[in-house]
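When reading the values below, keep in mind they use all heavy atoms of this one structure, side chains included, and skip hydrogens, waters and symmetry mates. Throughout, numbering of the chain's residues begins at 1 and tracks the sequence.
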Amino acid sequence: MDLLDTLTAKGLRGEVPTREEALAVLATTDDELLDVVAAAGKVRRRWFGRRVKLNYLVNLKSGLCPEDCSYCSQRLGSKAEILKYTWLKPDQAADAARAGVAGGAKRVCLVASGRGPTDRDIDRVTDTMAAIKDADPEVEICVCLGLLSDNQAERLKAAGADAYNHNLNTSENTYGAITKTHTYADRVDTVQKAHGAGLSACSGLIAGMGETDEDLVDVVFALRELGSDSVPVNFLIPFEGTPLAKEWNLTPQRCLRILAMVRFVNPDTEVRIAGGREVHLRTMQPLGLHIANSIFLGDYLTSEGQAGQTDLDMIKDAGFEVEGAGEATLPRHRADVAAAATGSGCGTAASACGSGGGCGPCGGHEHAPLAGTAPAPASEGADGANGELRDDLVKVRRRGAGTELAPNA
């Protein structure tokens, strides 16, 4: 079809489509789905070959967050039965990180719940990064601590952080409908602080909160303009006990169209399938690898992912290979742009956290979709019947960081 030919040609040249073309991708039919995946796959292979970057999450502090993000299982007032614990000690976090690196993860993402870090929190994370780097000097570290104050990004950079994650999550127009305790502008400011300090900026979105196609396109173009080196695409994990738990608006086909749209708008930028891929893509996860070039390995912050070995088998069986520690993630020209923007060396650039809330995979419970929007129709039998929670799909994390059980990596 003419649309896909145009998008493929633009993507191969590293050009960005128009908003109208991006919206048209989301409007394609299921009959056209494989053509959409194939077109996005050509663009993905042009810039990233068949490499898949593996990232591993370590939840340094879980639950008890004062923010009211409707999608988040760690939010203020959440009744989700997730793990709740205060800061892990540096050696505990290093042990957790070691499991991910042993499984093939190139980047470790250190995440802590909360509005933003205190100076003491920055000291804690600095000590944790040192412990991780002592064990593996080559590992990349992304930090996700919420809203940053002045000079905190610079301190993280000086301590050895490679990237900072802070997701925009949804469009500016609808952000106020999901969070009241901070603003969209606050999030933009934090991403800019991180980028300005020389950290690789990682910022993405959450799909499935009742947003419109226009909202999705708005946030993806905003991320492009913000200079995000890495764009994690999260699919809402609806946790019982949080405001969006009945929001089962996604099908595997819808998720693939969203991923394709993100790839066309970000042809030469890392696109990661983040939280919710097992829940919403399910058996169609391998098709997602033809579009995205990065995933999280094993478990997430508050929910369980599929077995790490299953992830590795999926990558191999689909004809892809795990990106090595010595390989640059971004294509050279894109890495040069990132380096110029941050004043840092080219390095391996791009990746990081993100899978819900400020960073990790969060969810929700009975609440209306975003103001002024209507929930997307779910395919019959694809998700929960009549909006009921799929308890067989959403599993609260009970292992790994903060527990005495071995992590899934």
Run the side chain to side chain donor-acceptor pair (under 3.5 Å) test on Thr310 and Asp313 for me, step by step, so that the C-alpha distance in whole Å, both residues' side-chain angles and the decisive distance to 0.1 Å come before the verdict. CA-CA 5 Å; Thr310 300; Asp313 290 342; 5.5 Å; no

side-chain contact (heavy atoms from CB on, under 4.5 Å) between Leu4 and Thr28, worked out: CA-CA 10 Å; Leu4 295 180; Thr28 54; 5.5 Å; no

Give the C-alpha distance, both sets of side-chain angles, the deciding distance and a yes or no for side-chain contact (heavy atoms from CB on, under 4.5 Å) between Arg254 and Ile258. CA-CA 6 Å; Arg254 170 76 169 168; Ile258 291 169; 3.9 Å; yes

Show your working on side chain to side chain donor-acceptor pair (under 3.5 Å) between Tyr300 and Glu278 and close with a plain yes or no. CA-CA 11 Å; Tyr300 300 97; Glu278 297 90 344; 3.0 Å; yes

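Annotation: the span from Leu289 atom CG to Met284 atom CE amounts to 12.5 Å, rounded to 0.5 Å. Rounding to the nearest 0.5 angstrom, the gap separating the OG1 atom in Thr329 from the NZ atom in Lys53 is 3.0 Å.
Contact check for Asp186 versus His166: no side-chain heavy atoms found under the 4.5 Å cut-off. In this structure, the side chains of Ile122 and Leu145 come closer than 4.5 Å at one or more pairs of heavy atoms. Considering only heavy atoms from C-beta on, Ile295 comes within 4.5 Å of Leu54 through its side chain. Proximity of Tyr56 to Arg98: side-chain heavy atoms (C-beta onward) are nowhere separated by under 4.5 Å. Counting heavy atoms from C-beta on, the side chains of Tyr164 and Thr190 come closer than 4.5 Å.
A salt bridge is absent between Asp268 and Arg46; no separation between the charged side-chain nitrogens and carboxylate oxygens falls under 4.0 Å. A salt bridge is absent between Asp162 and Arg107: the closest approach of a Lys/Arg side-chain nitrogen to an acidic carboxylate oxygen does not fall below 4.0 angstrom. Looking at Asp121 and Arg115, no side-chain N of the basic residue comes within less than 4.0 Å of a carboxylate O on the acidic one, giving no salt bridge. Of the charged side-chain nitrogens involved, none lies within less than 4.0 Å of a carboxylate oxygen, so that Asp213 and Arg19 do not count as a salt-bridged pair. Taking a cutoff of 4.0 Å between a charged side-chain nitrogen and a carboxylate oxygen, Asp30 and Arg257 qualify as a salt bridge.
When all heavy atoms of Gly275 and Ile237 are compared, the pair lying nearest together is C-CD1, 4.2 Å.
A donor-acceptor contact shorter than 3.5 Å is absent between the side chain of Thr170 and the backbone of Tyr175. In this structure, the side chain of Ser203 does not engage the main chain of Ser228 through any donor-acceptor pair within 3.5 Å.
A cation-pi contact, defined as under 6.0 Å to the ring centre and within 45° of the axis, links Arg272 to Phe296.
Between Phe320 and His290, the ring planes lie perpendicular to each other; the angle is over 60°, past the 30° to 60° tilted range.
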